[in-house]
Chemist: 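A single structure is presented below for examination.
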Amino acid sequence: MTAALLAWYDRHARLMPWRTGPAEKAAGIRPDPYRVWLSEVMLQQTTVAAVRKYHERFTTLWPSVADLAAAEDADVMAEWAGLGYYARARNLLKCARVVMADHGGRFPDTHDALIALPGIGPYTAAAIAAIAFDRPETVVDGNVERVMSRLFDVSTPLPAAKPELTDHAARLTPRDRPGDHAQAVMDLGATICTPRNPACGICPLRAPCLARQRGTQDDRPVKAPKKPKPQRTGYAYVGRRADGAWLVETRPDKGLLGGMLGFPGSEWGETPEPTPPLRAEWRPAGEARHVFTHFALTLTVMVAELPPANPERGHFLAADRFDPTALPTVMRKVHEVAAPHLDVERPGASG
DNA sequence: TATCCGTGGAT
DNA sequence: TATCCAAGGAT
């Protein structure tokens with residue numbers, strides 16, 4: 001079964017910036033652990049399509065773990081903006097600095113040492129050990145769970161089924177080419193054994209697949225029902241000084257959008273109170289809607305021209321240093337609502 | 001074990 | 001429009 005999967009992978013492996021090409025593979029060259037680590041962290045709960053450009057940008061700006069470890073926190077957070085799950089970016093920096101301080105700038109090559117690093121859990125530790133160092137570790141992500149649940153027709157609902165699925169995956173892990181095997185299962189799950197309408201007809205594991213034999217593939221994996229999303233509201237305050245500077249704040253490291261740049265605002269809940277960050281003629285400019293993983297948010301966007309006084313919250317950022325692409329998506333939406341209401345006369349510009 | 005933590009594309 | 005869900009980790 002493993003041989004058929006590897007043969008399929010040799011023909012159909014997807015090309016990605018962090019993978020070695022056919023020529024390098026033929027020469028026995030392993031992928032760069034730094035690039036593999038970066039890709040695996042970015043790929044946590046994130047699509048390959050979204051990760052590609054971020055990975056390219058990061059490795060251009062910071063070609064090695066030493067470069068990344070020496071980067072400014074704010075620069076890294078700004079580059080991560082839009083990718084989501086911002087704790088990953090904070091842990092990415094922590095991890096890079098631990099690798100420099102405690103591992104001489106080289107990523108450890110064992111599962112146990114890897115999982116001790118910030119932002120590296122069971123999946124990522126196994127993935128780096130297998131892909132970068134070709135260790136016979138068993139990688140279990142959402143793809144592997146789906147493939148195993150179908151291959152062995154597991155009817156236990158997730159997440160309770162995880163140990164059972166991990167057990168199946170472990171038994172299939174070969175001593176030879178474990179790194180390619182891990183990526184083969186994931187590629188299979190991403191391109192053939194997909195969540196909906198799996199392409200069983202061209203699947204290399206079609207013959208032994210129990211779900212295929214029994215016709216249950218559309219009902220695997222079984223998942224526990226999800227909870228409904230609560231609706232929350234709040235206020236966001238977008239103010240500009242006469243010189244064009246924007247009032248922004250860096251959010252605290254913990255919690256939602258931790259460490260990211262944003263606009264001051266109220267609490268987000270059922271009936272939030274307005275909390276303007278300083279005295280001004282605040283007026284409503286519109287609403288910004290955004291859906292997070294576990295709640296939906298509607299923000300009333302308030303705008304104002306601000307006096308040069310020091311704000312109680314946040315700080316002023318000069319117009320030429322303000323970049324909306326450095327904002328998390330919800331704050332970028334707030335900016336889009338506010339900006340047309342806050343045109344300022346630029347010094348030297350004539351109107 | 002359950003909850004929190006983003007985003008955008010597919011259907 | 002609503003729902004799913006993607007190479008999960010931290011707490």
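Keep in mind the model is a prediction, meaning the values are calculated, not measured. Lettering follows sequence order; numbering is per chain, from 1. Computation of the quantities below employed the complete heavy-atom set of this structure, encompassing side-chain atoms and omitting hydrogens, waters and symmetry-equivalent molecules.
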Chemist: Go through dA7(C), dG8(C), dG6(B) for me and flag the one nearest to the Arg88(A) side chain.
Modeler: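 For the Arg88(A) side chain, the nearest candidate turns out to be dG6(B).
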Chemist: How close do Lys333(A) and Arg289(A) get, counting heavy atoms only, and between which atoms?
Modeler: NZ-O, 3.2 Å
Chemist: Applying a 4.0 Å non-hydrogen cut-off, can you work out what Arg90(A) is touching in the nucleic acid: base, sugar-phosphate, or nothing?
Modeler: nothing
Chemist: Is Arg240(A) salt-bridged to Asp343(A), cutoff N-O under 4.0 Å?
Modeler: no
Chemist: So which nucleotide from dG8(C), dG6(B), dA2(B) ends up closest to the side chain of Tyr86(A)?
Modeler: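 In terms of side-chain proximity for Tyr86(A), the closest of dG8(C), dG6(B), dA2(B) is dG6(B).
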Chemist: Run through DNA chain C and report every stem of 3 or more consecutive Watson-Crick or G-U pairs, distances under 3.5 Å, ordered by first number.
Modeler: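 The stems are B:2-5 with C:8-11, B:7-11 with C:2-6.
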Chemist: Are the side chains of Trp37(A) and Leu92(A) in contact, using a 4.5 Å heavy-atom criterion?
Modeler: yes
Chemist: Between Glu40(A) (CD) and dG9(C) (C1'), how many Å, whole number?
Modeler: 14 Å
Chemist: I need the CD1-P distance between Ile120(A) and dA10(C), as an integer number of Å.
Modeler: 9 Å
Chemist: Are Phe58(A) and Trp80(A) near enough that their ring centres are under 6.0 Å apart?
Modeler: yes
Chemist: Has the side chain of Tyr85(A) got a donor or acceptor atom sitting under 3.5 Å from an opposite partner on the base of dG6(B)?
Modeler: yes
Chemist: Kindly point out which of dC5(C), dA7(C), dG6(B) is positioned nearest to the side chain of Met16(A)?
Modeler: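 Out of dC5(C), dA7(C), dG6(B), the nucleotide with an atom closest to Met16(A)'s side chain is dA7(C).
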Chemist: Select base, sugar-phosphate, or nothing to describe what Arg52(A) touches, counting heavy atoms under 4.0 Å on all strands.
Modeler: nothing
Chemist: In terms of side-chain heavy atoms of Pro122(A), which of dG9(C), dC5(B), dA7(C) is nearest?
Modeler: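 Ranking dG9(C), dC5(B), dA7(C) by closest atom to the Pro122(A) side chain puts dG9(C) first.
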Chemist: Centre-to-centre under 6.0 Å for Phe292(A) and His294(A), is that the case here?
Modeler: no
Chemist: To the nearest Å, give me how far apart CG (Leu256(A)) and C1' (dA10(C)) are.
Modeler: 15 Å
Chemist: Would you indicate, yes or no, if dG8(C) has its OP1 or OP2 atom less than 4.0 angstrom from a side-chain nitrogen or oxygen of Gln45(A)?
Modeler: yes
Chemist: Can you measure Leu38(A) atom CG to dA7(C) atom C1' for me and round it to whole angstrom units?
Modeler: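 The answer, rounded to whole Å, is 13 Å.
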Chemist: Does a side-chain N or O of His290(A) approach OP1 or OP2 of dT7(B) to a distance below 4.0 Å, or not?
Modeler: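 Yes.
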Chemist: Decide if the gap between the ring center of His335(A) and the ring center of Phe322(A) is smaller than 6.0 angstrom.
Modeler: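 Yes: the rings meet the under 6.0 Å criterion.
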Chemist: Return the value, rounded to whole Å, for the distance between atom NZ of Lys229(A) and atom C1' of dA2(C).
Modeler: 10 Å
Chemist: Between His294(A) and Asn197(A), which has a closest nucleotide on DNA chain B that is more 5'?
Modeler: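 Nearer the 5' end of the strand: His294(A).
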Chemist: So which one's nearest nucleotide on DNA chain C is more toward 5', Arg14(A) or Pro118(A)?
Modeler: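 Counting from the 5' end, the first nearest nucleotide belongs to Arg14(A).
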Chemist: Looking only at non-hydrogen atoms, find the nearest pair between Pro108(A) and Leu114(A) and report the distance.
Modeler: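 That closest heavy-atom pairing would be O-CD2, 3.3 Å.
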Chemist: Output the rounded distance in Å from CH2 (Trp80(A)) to P (dG9(C)).
Modeler: 12 Å
Chemist: Measuring from the side chain of Lys227(A) (C-beta onward, heavy atoms only), which nucleotide among dC5(C), dA2(B), dT7(B) has the closest atom?
Modeler: dA2(B)
Chemist: Check this one for me: any side-chain N or O of Lys223(A) less than 4.0 Å away from OP1 or OP2 of dC4(C)?
Modeler: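 Lys223(A) to dC4(C) OP1/OP2: no side-chain N or O under 4.0 Å.
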Chemist: Pairing donors with acceptors under 3.5 angstrom, does anything connect the side chains of Thr156(A) and Glu164(A)?
Modeler: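 Looking only at side-chain atoms, Glu164(A) and Thr156(A) do form a donor-acceptor pair, the distance falling under 3.5 Å.
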Chemist: Regarding Leu257(A), tell me which of base, sugar-phosphate or nothing describes its non-hydrogen contacts under 4.0 Å with the strands shown.
Modeler: sugar-phosphate
Chemist: Round to the nearest Å and state the distance from Phe292(A) atom CZ to dC5(C) atom C1'.
Modeler: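 So the two atoms are 18 Å apart, to the nearest Å.
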Chemist: Considering only atom P, compute the distance from dT11(B) to dA7(C) and round it to an integer number of Å.
Modeler: 15 Å
Chemist: Contact class for Gly189(A) vs. all strands (heavy atom < 4.0 Å): base, sugar-phosphate, or nothing?
Modeler: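 Counting heavy atoms under 4.0 Å across all strands, no contact is made by Gly189(A).
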Chemist: Let me know, please, whether Pro159(A) or Gly255(A) comes out on the 5' side of the other along DNA chain B by nearest nucleotide.
Modeler: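 Result: Pro159(A).
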Chemist: Can you confirm whether the side chains of Arg146(A) and Asn143(A) place a donor and an acceptor under 3.5 Å from each other?
Modeler: yes
Chemist: So, is Arg146(A) near the phosphate of dA6(C), with a side-chain N or O under 4.0 Å from OP1 or OP2?
Modeler: yes
Chemist: Indicate yes or no: at least one non-hydrogen side-chain atom of Ile128(A) is less than 4.5 angstrom from one of Ile120(A).
Modeler: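 They are in side-chain contact.
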Chemist: Do you know the tightest heavy-atom contact between Leu247(A) and Pro311(A)?
Modeler: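 That closest heavy-atom pairing would be CD1-CG, 3.6 Å.
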Chemist: Between atom CD in Gln44(A) and atom P in dG9(C), what is the gap in whole Å?
Modeler: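 Going from CD in Gln44(A) over to P in dG9(C) covers 5 Å.
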Chemist: For Ser39(A), which contact category applies under a 4.0 Å heavy-atom criterion: base, sugar-phosphate, or nothing?
Modeler: nothing
Chemist: For Pro284(A), does its backbone N or O pair with a side-chain atom of Thr300(A) as donor and acceptor, under 3.5 Å?
Modeler: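 No, because the side chain of Thr300(A) does not come within donor-acceptor range (under 3.5 Å) of the backbone of Pro284(A).
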Chemist: Under 4.0 Å, heavy atom to any atom of DNA chain B: which of residues 323-336 of chain A qualify?
Modeler: Pro328(A), Thr329(A), Val330(A), Arg332(A)
Chemist: From dA2(B), dG6(B), dA7(C), pick the nucleotide closest to the side chain of Met186(A)?
Modeler: dA7(C)
